[in-house]
Amino acid sequence: MAEPKKLFIKTYGCQMNVYDSERMSEALGASGYVTTARAEDADMILLNTCHIREKAAEKVYSELGRFKRLKAANPDLKIGVAGCVAQAEGEEIMRRQPMVDLVVGPQTYHRLPAMEAAVRQGHRAVDTDFPEEDKFEHLPKAPRAGRGPTAFLTVQEGCDKFCAFCVVPYTRGAEVSRPVTRILSEAEDLVARGVREITLLGQNVNAYHGEGSDGVWSLARLIRELAKLDGLARIRFTTSHPNDMDDDLIEAHGDEPKLMPYLHLPVQSGSDRILKAMNRKHTAEQYLKLIERLRTARPDLLLSGDFIVGFPGESEQDFEDTLSLVRAVGYGQAYSFKYSARPGTPAAEREGVADDVASERLYRLQALLSDQQRAAQDSMVGREVSVLLEKPGRLPGQKVGKSEYLHAVHVADQNLNIGDIARLRITESGPNSLAGEPI
Ligand code: 5AD
Ligand code: SF4
């Protein structure tokens, strides 16, 4: 039998790209590829790219430049670019980097095996369509191999919100939900392979409105159905928009024990003026009310957010409104970014805030957020948590997993195994993780 060909995939950006990379390696698995962790050994290199922030395309070009040497050493090596930079740049990638053989956008991964075959015959392949069919349904089924205890599952893709700064509606396309039956069967399959925690993914996951047995299902209904799966212990979802948080989903945080008490709910800014300019379609107060309702349903809910500072037109007062909102909410975790213009988005036409001003604001915001994050982590000491053990730790016998609140927790106990959900008491709060001992 011929040696299997080797595939090296490098993934940038969000969890959806991580999920897509897994699907792409499965698809190419059916074409005789096994994955390798070393680009030097590869017969095919795929960069699964992200376009969310500045200079994404430039970074991809410089990364590609580094593969020149490998291509010189192995003329059979094929190089592909996937993901959102592929969608945004299309054929331009091949013009600027002629050694690229294949360009595939996020909605056409199911065509990858055919594209690979074409590329092997010396053709070049570019596909950045937004086809009608569900790409996941057309991907070759993965063999039932065992896997780790956690998995991502994409339920929704794309976005119709058109926040003024964001490329997602252009690169991932319009909002589409996968049908309920396909999600349930994928979840059953994951559980049969040992998965105990599933994170439902979507750029706007709580806008989910998939075709169900009796009409359109909401995300809450989907979560409640998934929760009936024996063997599945935990459900998470990300990323949500405040305006799509319906009553049932809020309540589910209180009455669905498998739904974990962690919610990523980006607000981007605490200033109504800036929220309006961003086309977010909600005010700071509406967001705060929503947080209050969520905390009424689930008092220990750990909140996570995304923030942009230096959005065009942001004054010192606007920025201070963001700090006030952060103080009012108290985040356990957050991501914050300096605004960067994305070509093709409405905000890119507007005059930006001076870079040194934006940097200084980012610094102040991050100082506040990291204080909050630290306080939330430190407050876990002495508490009892459930930890899903995901992998071995660095020390012998040690294991690492995540608590309900998504904190990383270390434990040293010979009787515990990967995949177990251990009841632990937190004994220590370190720089990036907690330590616990069995109760
Ligand atoms: N500039 C800075 N940050 C951005 N994000 C999205 N687009 C931009 C941009 N143009 C951030 C938002 C979003 C997160 C995924 O990335 O905060 O929620
Ligand atoms: Fe981008 Fe999220 Fe706004 Fe959609 S809701 S445009 S993905 S920031």
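- Atom CZ of Phe162 has more than 12 heavy atoms from other residues, nucleotides or ligands within 6.0 Å.
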Validation: residues 219-226 side-chain donor-acceptor distances under 3.5 Å, sequence neighbours left out:
from   : atom 1 : to     : atom 2 : distance (Å)
Arg221 : NH1    : Asp214 : OD1    : 3.3
Arg221 : NH2    : Asp214 : OD1    : 3.3
Arg221 : NH2    : Asp214 : OD2    : 3.1
Arg224 : NE     : Asp248 : OD1    : 3.3
Arg224 : NH1    : Asp255 : OD1    : 2.8
Arg224 : NH2    : Asp248 : OD1    : 2.9
Arg224 : NH2    : Asp255 : OD1    : 3.3
Glu225 : OE1    : Lys228 : NZ     : 3.0

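- Classification of Asp189 and Arg193 as a salt-bridged pair holds, one side-chain N sitting under 4.0 Å from a carboxylate O.
- When all heavy atoms of Arg280 and Pro242 are compared, the closest pair comes out as NH2-CD, 3.5 Å.
- When all heavy atoms of Glu437 and Val411 are compared, the pair lying nearest together is CA-CG2, 4.3 Å.
- For Glu314, the salt bridge (charged side-chain N to carboxylate O under 4.0 Å, His left out) partners at least two apart in sequence or on another chain are Arg361.
- Lys161 is linked by a salt bridge (charged side-chain N to carboxylate O under 4.0 Å, His left out) to Asp244, counting only residues two or more places apart in sequence or in another chain.
- Side-chain N or O atoms of His209 include one that pairs as donor or acceptor with a backbone N or O of Ala207 at under 3.5 Å.
- We find that Lys399 and Asp420 are not joined by a salt bridge, their nearest charged nitrogen and carboxylate oxygen being 4.0 Å or further apart.
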Please set out all donor-acceptor pairs under 3.5 angstrom arising from side-chain atoms of residues 379-388, sequence neighbours excluded.
from   : atom 1 : to     : atom 2 : distance (Å)
Ser379 : OG     : Ala376 : O      : 2.8
Arg383 : NH2    : Tyr405 : OH     : 3.1
Glu384 : OE1    : Arg423 : NH2    : 3.2
Glu384 : OE2    : Arg425 : NH2    : 3.4
Ser386 : OG     : Arg423 : NH1    : 2.9

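- Partners of Glu320 under the salt bridge (charged side-chain N to carboxylate O under 4.0 Å, His left out) rule, at least two apart in sequence or in another chain, are Arg364.
- Checked against salt bridge (charged side-chain N to carboxylate O under 4.0 Å, His left out), Arg66 has the following partners two or more places apart in sequence or in another chain: Glu63.
- Taking the charged nitrogens against the carboxylate oxygens, Glu292 and Lys289 have no contact shorter than 4.0 Å, which rules out a salt bridge.
- Of the charged side-chain nitrogens involved, at least one lies within less than 4.0 Å of a carboxylate oxygen, so that Asp247 and Arg293 count as a salt-bridged pair.
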